[in-house]
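So the structure is just underneath, and the comments pick up after that.
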Amino acid sequence: MILPQVHDPRFITIRRGGTLTDSDHRLLALWAADCAEHVLPFLEAAEPSDMRPRYAIEQIRAWARGEIKMSRSRAVGGHAMAAARVLSGAARYAAFAAGQAAVVAHVAVHELGAAAYAIKAARATAPEGEGERAGLLECHWQRDQLPDAIRELVLDDQRLRNDICWSVFDC
């Protein structure tokens, strides 16, 4: 469970009654894509022929540039998450991260799903006893990638949803 029970208006676009601007929505999508792409090598090492997760990341970036519709990005996000179902460990989490990133076009709060699954991927690929440290390093890397315009929004979201995101944002 990575989605909140109560919808935060800061993650709902203005045209749907929230306060999220289109430009910030695009920044959330691009940050989620960066988080997912950072751990994509874990998936590609295990399953190099499955391009669905990489394609999902490409498509969310295309959506952010205004090149495709939200429904296209959402659909390929589902395909990336389908790829995860037959995998395990870091590869599975990396595929889920890519899928979560792609569906940010549809529901902005999936931004933390991409980040959380990426941290889980980093933890899963670390040598025994190093998982926590690998997760912390990934979390810090992600925070370093946050654009100033959405930094406080994402950090507050991490604080509010850390418990339902496997407490991966304790960094």
Side-chain angles (χ1 to χ4, degrees), residues 1-40 42-43 52-85 87 90-122 135 138-139 141-143 145-147 149-169:
M1 173 65 156
I2 57 171
L3 296 176
Q5 295 289 333
V6 178
H7 299 291
D8 185 335
R10 297 175 303 165
F11 290 92
I12 300 170
T13 57
I14 291 169
R15 70 184 161 283
R16 298 202 180 256
T19 61
L20 183 65
T21 65
D22 288 343
S23 62
D24 284 353
H25 192 178
R26 287 189 296 273
L27 288 174
L28 288 168
L30 292 170
W31 177 72
D34 288 345
C35 292
E37 188 172 52
H38 195 238
V39 297
L40 197 58
F42 303 145
L43 166 73
R52 291 176 291 178
R54 178 165 293 284
Y55 187 63
I57 294 168
E58 291 170 3
Q59 292 300 285
I60 190 60
R61 288 194 171 117
W63 173 82
R65 292 188 303 267
E67 296 171 1
I68 66 167
K69 294 184 182 236
M70 172 279 294
S71 58
R72 178 73 185 144
S73 188
R74 181 184 64 198
V76 298
H79 296 307
M81 288 186 270
R85 291 187 184 102
L87 301 169
R92 178 182 178 95
Y93 298 135
F96 275 131
Q100 290 287 309
V103 299
V104 170
H106 181 243
V107 177
V109 294
H110 282 287
E111 104 285 5
L112 278 197
Y117 277 115
I119 291 170
K120 287 177 70 84
E138 184 65 22
C139 185
W141 180 89
Q142 292 176 358
R143 288 181 177 179
Q145 310 315 303
L146 277 168
I150 60 167
R151 183 174 186 75
E152 290 308 314
L153 174 64
V154 171
L155 293 178
D156 191 48
D157 196 25
Q158 287 180 346
R159 182 185 60 77
L160 292 172
R161 289 199 287 150
N162 191 40
D163 288 347
I164 62 171
C165 291
W166 311 287
S167 300
V168 297
F169 299 115

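Positions are given from 1, in the same order as the sequence printed here.
A distance of 13.0 Å separates CZ in Arg151 from CG in Asp156, rounded to the nearest 0.5 Å. Rounded to the nearest 0.5 Å, atoms OG (Ser73) and CD (Glu67) are 12.0 Å apart. For the atom pair Leu87 CG and Phe96 CZ, the distance stands at 9.0 Å (nearest 0.5 Å). To the nearest 0.5 Å, atom NE2 of residue His79 and atom CZ of residue Arg74 are 11.0 Å apart. To the nearest 0.5 Å, the span separating NE2 on His38 from CD on Gln145 amounts to 7.0 Å. Distance check, rounded to the nearest 0.5 Å: CG of Asn162 to CD1 of Ile164 gives 9.5 Å.
Across Glu138 and Ala118, no two heavy atoms sit closer than the pair CG-O, 4.0 Å. For the pair Gly113 and Ile2, the tightest heavy-atom approach, listed with the atom from each and the gap, is CA-CD1, 3.4 Å. Here the closest heavy-atom approach between residue Ala90 and residue Phe42 is recorded as CB-CB, 3.9 Å. For the residue pair Val109 and Pro4, the shortest heavy atom distance occurs at CG2-CD, 4.3 Å.
Between Arg10 and Asp157 there is no salt bridge, since no side-chain nitrogen of the basic residue lies less than 4.0 Å from a carboxylate oxygen of the acidic one. Ion pairing of Glu111 with Arg161 is present here, as a side-chain N (NZ or NE/NH1/NH2) and a carboxylate O approach within less than 4.0 Å.
With a 4.5 Å cut-off on side-chain heavy atoms, Leu30 and Arg61 count as touching. With a 4.5 Å cut-off on side-chain heavy atoms, Arg26 and Thr21 do not count as touching. Side-chain atoms of Phe11 and Leu28, non-hydrogen and from C-beta on, do get closer than 4.5 Å to each other. By the 4.5 Å heavy-atom criterion applied to side chains, Gln142 and Asp34 are not counted as neighbours. Put simply, the side chain of Leu155 does not reach to within 4.5 Å of the side chain of Phe169, judged on heavy atoms. Looking only at side-chain heavy atoms (C-beta outward), Lys120 and Val39 stay at 4.5 Å or farther from each other.
Around the CZ atom of Arg65, the shell of radius 6.0 Å holds more than 12 heavy atoms that belong to other residues, nucleotides or ligands.
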Handout entry: Working for side-chain contact (heavy atoms from CB on, under 4.5 Å), residues Arg54 and Glu37
Key = CA-CA 8 Å; Arg54 178 165 293 284; Glu37 188 172 52; 3.6 Å; yes
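Trp63 has its ring centre no less than 6.0 Å from the ring centre of His106.
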